[in-house]
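Okay, structure first, notes after.
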Amino acid sequence: MSTPAAGTTGPAPSPVRTAELLTHVQRVARRLTGDFEAEDVLHELVRAAVGVLGADGAAVVVPGEEGLLRLASATAGAVTEVEAVQELLREGPCWDAHRRGRVVLSADLAVEGDWPSYQRRATELGVHGVCALPMSGRGAPLGVLTVYHRAPHRWSGAELGAAGAFADLAACCLAVARDREETRSAREELAYRVEHDALTGLPVRAVFLQELARALRELPRHRLLGVLFVDLDGLKRTNDTHGHLAGDQLIRASARRLRRAVRPGDVVARVGGDEFLVLLRELRSAGEAAAVAARVVREFAAPAELDDVAVQPSASVGVAVTGTADPADADALVSRADAAMYGAKRSGPGRWAVFDPEAHAGAAGRGDRGTELRRALRSGGLQVHYEPVVDVDAGRAVAVEALVRWPHPQRGLLVAEEFLHAADDPELLAELGSWVLRSACAQLAAWDGELGGRAPERVLVDVSALGTGEPRLEREVLDALAAHGLAPGRLVLGTTEREVLDDPRTSGTLARLHEHGCVIAVDDFGTGHSSLSRLVHLPVGVLKVDRSFTGAVLADAAATAVVATVLRLGESLGCQVVVEGVEDRDTLAALTALGCRYAQGPHLGRPAPAHELRALLAR
């Protein structure tokens, strides 16, 4: 390649119009401080370069895809064709200036240059003199400014300086335009992230409410608008069992299922960890919204594969519909759909329900009581009472059952059955169960210190509220025992037949706790749907006969037969059998005749606070 000095043979250089150059510099500088289009500024610069330098044409090329240079702006005529030749051949002064980062000159392309194909075509087009000036900014190449003459041309130092000034202006324009584009892209990305959920890409609550308000405002006459509130059942269980990465996969899969289930044009948003909202526009009837809800439930019912781990998801769906074109109704409509979803959830997982104002009023009352219960739990307003379990042969209490009580300021002392229905929230139930477990272990340790050998041998705690299939149950039980220095065999963990048989994970958790030494009890035995074949394989140490059989044992031969059978079954399986609900002497005598050794009930000792029970235990 030839890069001749300024004194190369050729016509004398053209005089540089310095004043005109300064005017262009000032004009472009002002434009770059305001709003501008890069293409317009570059076009102005190439025309100005031609005028100031007395040239016949000029062009700016910039890097494109795959390392190619593409034309950004050029004066008319042969210049465009000459640049097209360079782009096609990937050779020429422009390419060399870009690759090497220095000025490339040719006074006459007919005789000077290392680009034969390009030179031949350029001279055919009537171009001889060329000067290519690289442009860069912030350490990166930005492109090349090329100035052309039809006749051979010898470049003076003043011309090169002026051409360099135009190249610098073009570089400034490109750098500012790039920065501005990056800023715009960053703003758009930030706005997208603010308005969309990072995990699913779905709109967030604020965006959904805006869309809902707009849809309400534009709702046509004789049309309805609906909202679905979709709650993914069992996400916490997936997180606890398989980890949060699996939980995230389940959420993404649920978002895809939800989009498949709804109609084209319906808006789907993620508004919570396991909660989604759907906007149903222009419904002809409430039944149309119900049909979409039913389709969502069916879509979610299929098993999901999460990294080779199969889970069985389901969704609870609430439906709310309105025909009122009032954007202020958006929040209320979502609240109604939310209430309907909780109504569906109370019927079991994988259900849908339409908002019912009367049912909602009752649920609101339960919600108020649930809030009151949570406040009582966290402020020390609940108590644990203990009901003695008596060894009938020895005539003394050998164990106690921990029972939660609520001394309500208006309603008096409430037993669990009178207030647990207000705790619809599984987390509240779990918190309550954990508190009872810790309290019972602490009290048993305290009795050991006070009563010595007369202390109860065991304490029974119902762990159903803790979720007998949850991995955290094992940790909580072991932590509570360790905190109070109790041997695992002194804790009896009560659950129900239904829980044991409905969730196979329950059997696994109870088996592990049994291996640690805890005793497993099945409460209310005989009222569920026990499978004796399953019972044989479960690590059950205590069977508790339900009080419904105890109360009928004096008058009902069938009830007597059931109790006698369970007593013999317990003896065969090596289980202790505790008969609940003994209310009088005659019933106790009848049970004793059947072989009952362990019993509890009002006749043997009513549930009482620990300090009141001390005298009975000390006997």
Checklist line | 4.5 Å side-chain heavy-atom contact, L437 and C441 | finding: yes
Note to self: Is it true that E476 and S434 share a donor-acceptor pair across their side chains at a distance under 3.5 Å?
What the structure shows: yes
Next item on the list: Would you tell me whether D584 and T587 have side-chain atoms, one donor and one acceptor, within less than 3.5 Å of each other?
Entry: yes
Notebook entry, point to check: If you measure from CG on L245 to CG on L250, what distance do you get to the nearest 0.5 Å?
Noted result: 12.5 Å
Next item on the list: Mind running salt bridge (charged side-chain N to carboxylate O under 4.0 Å, His left out) on E299 and R257 for me, showing each step along the way?
Entry: CA-CA 6 Å; E299 184 72 38; R257 292 184 178 200; 5.2 Å; no
Check: If you take all heavy atoms of P349 and S314, which pair is closest and at what distance?
Finding: CB-OG, 3.6 Å
Checklist line | Criterion ring pair (Phe, Tyr, Trp, His ring centres under 6.0 Å) on W447 and Y386, from CA distance to verdict | finding: CA-CA 12 Å; W447 275 326; Y386 297 90; 5.2 Å; yes
Check: Is there a donor-acceptor pair closer than 3.5 Å between any side-chain N or O of R614 and the backbone N or O of L617?
Finding: no
Checklist line | CZ (R260) with more than 12 external heavy atoms under 6.0 Å | finding: yes
Margin query: I'd like to check Y598 versus V398 (side-chain heavy atoms, cut-off strictly below 4.5 Å). Are they in contact?
Written below: yes
Next item on the list: Identify the two heavy atoms, one from V317 and one from A344, that lie closest to each other, and give their separation to 0.1 Å.
Entry: O-CB, 3.8 Å
Item checked: Within-4.5 Å side-chain heavy-atom neighbours: V404 and Q383 -> no
Next item on the list: Write down the atom of V519, the atom of G541, and the distance for their closest heavy-atom approach.
Entry: CG1-CA, 4.1 Å
Next item on the list: Take D338 and S335, measure what side chain to side chain donor-acceptor pair (under 3.5 Å) needs, and give me the verdict at the end.
Entry: CA-CA 5 Å; D338 188 9; S335 296; over 6 Å; no
Check: Is it the case that more than 12 heavy atoms not belonging to R263 sit under 6.0 Å from its CZ atom?
Finding: yes
Notebook entry, point to check: Do L473 and V463 come within less than 4.5 Å of each other through their side chains, counting heavy atoms only?
Noted result: yes
Checklist line | Evaluation steps, side-chain contact (heavy atoms from CB on, under 4.5 Å), between V262 and V268 | finding: CA-CA 8 Å; V262 302; V268 179; 3.9 Å; yes
Item checked: Donor-acceptor pair, side chain of R336 and main chain of A320, under 3.5 angstrom -> no
Next item on the list: Using a strict cut-off of less than 4.0 Å between a Lys/Arg side-chain nitrogen and an Asp/Glu carboxylate oxygen, indicate whether E431 and R378 qualify as a salt bridge.
Entry: yes
Note to self: Salt bridge or not between R490 and E457? Use side-chain N to carboxylate O under 4.0 Å.
What the structure shows: no
Check: Do we see a donor-acceptor contact under 3.5 Å between the side chains of E387 and H385?
Finding: no
Note to self: Test side-chain contact (heavy atoms from CB on, under 4.5 Å) on L232 and E275; report intermediate values, then the result.
What the structure shows: CA-CA 6 Å; L232 178 59; E275 296 174 340; over 6 Å; no
Notebook entry, point to check: Taking the side chain as C-beta and beyond, is there a heavy-atom pair between D231 and K345 under 4.5 Å?
Noted result: yes
Next item on the list: Any chance you could measure L432, atom CG, to L382, atom CG, to the nearest 0.5 Å?
Entry: 6.5 Å
Margin query: Tell me whether the count of non-hydrogen atoms from other residues, nucleotides or ligands lying under 6.0 Å of CD in E571 goes above 12.
Written below: no
Notebook entry, point to check: Got V415 and W406 here, is their nearest side-chain heavy-atom distance under 4.5 Å?
Noted result: no
Checklist line | Least distance between heavy atoms, R405 atom then P407 atom | finding: O-CD, 3.7 Å
Note to self: Main chain of V553, side chain of D556: is a donor-acceptor contact present, judged purely on distance under 3.5 Å?
What the structure shows: no
Notebook entry, point to check: Taking atom CG of L543 and atom CD of Q576, what is their separation to the nearest 0.5 Å?
Noted result: 10.0 Å
Next item on the list: Verify side-chain contact (heavy atoms from CB on, under 4.5 Å) between L594 and V563, making sure each step is shown before the conclusion.
Entry: CA-CA 8 Å; L594 292 174; V563 173; 4.2 Å; yes
Notebook entry, point to check: Is there side-chain contact between T550 and L591, with at least one heavy-atom pair below 4.5 Å?
Noted result: yes
Margin query: Check this for me, if you would: do D391 and R597 make a salt bridge, where the nitrogen-to-carboxylate-oxygen distance has to be below 4.0 angstrom?
Written below: yes
Next item on the list: Grab the two heavy atoms, one from A455 and one from D448, that are nearest each other, plus how far apart they are.
Entry: CB-OD1, 3.4 Å
Next item on the list: Inspect the contact between E583 and R547 and indicate whether a charged nitrogen and a carboxylate oxygen are less than 4.0 angstrom apart.
Entry: no
Notebook entry, point to check: Should S316 and D233 be marked as a side chain to side chain donor-acceptor pair (under 3.5 Å) after you check the CA-CA gap, both sets of side-chain angles, and the distance that decides it?
Noted result: CA-CA 7 Å; S316 300; D233 302 321; 2.9 Å; yes
Next item on the list: May I ask you to say whether R438 pairs ionically with D479, meaning some side-chain N is under 4.0 Å from a carboxylate O?
Entry: no
Check: Quick one: CG on L228 to CG on L279, what's the gap to the nearest 0.5 Å?
Finding: 9.5 Å
Note to self: Just verifying a value: how many Å separate L258 CG and L202 CG, rounded to the nearest 0.5 Å?
What the structure shows: 7.5 Å
Next item on the list: Begin from the C-alpha positions of V384 and Q443 and carry the test side-chain contact (heavy atoms from CB on, under 4.5 Å) through to its verdict.
Entry: CA-CA 10 Å; V384 178; Q443 185 57 57; over 6 Å; no
Check: Hey, what do you get for CG (L481) to NE2 (H516), rounding to the nearest 0.5 Å?
Finding: 10.0 Å
Margin query: Any heavy-atom pair between the side chains of V271 and F276 that's under 4.5 Å?
Written below: no
Check: Where do P313 and P303 come nearest, in terms of heavy atoms and distance?
Finding: CD-CA, 4.1 Å
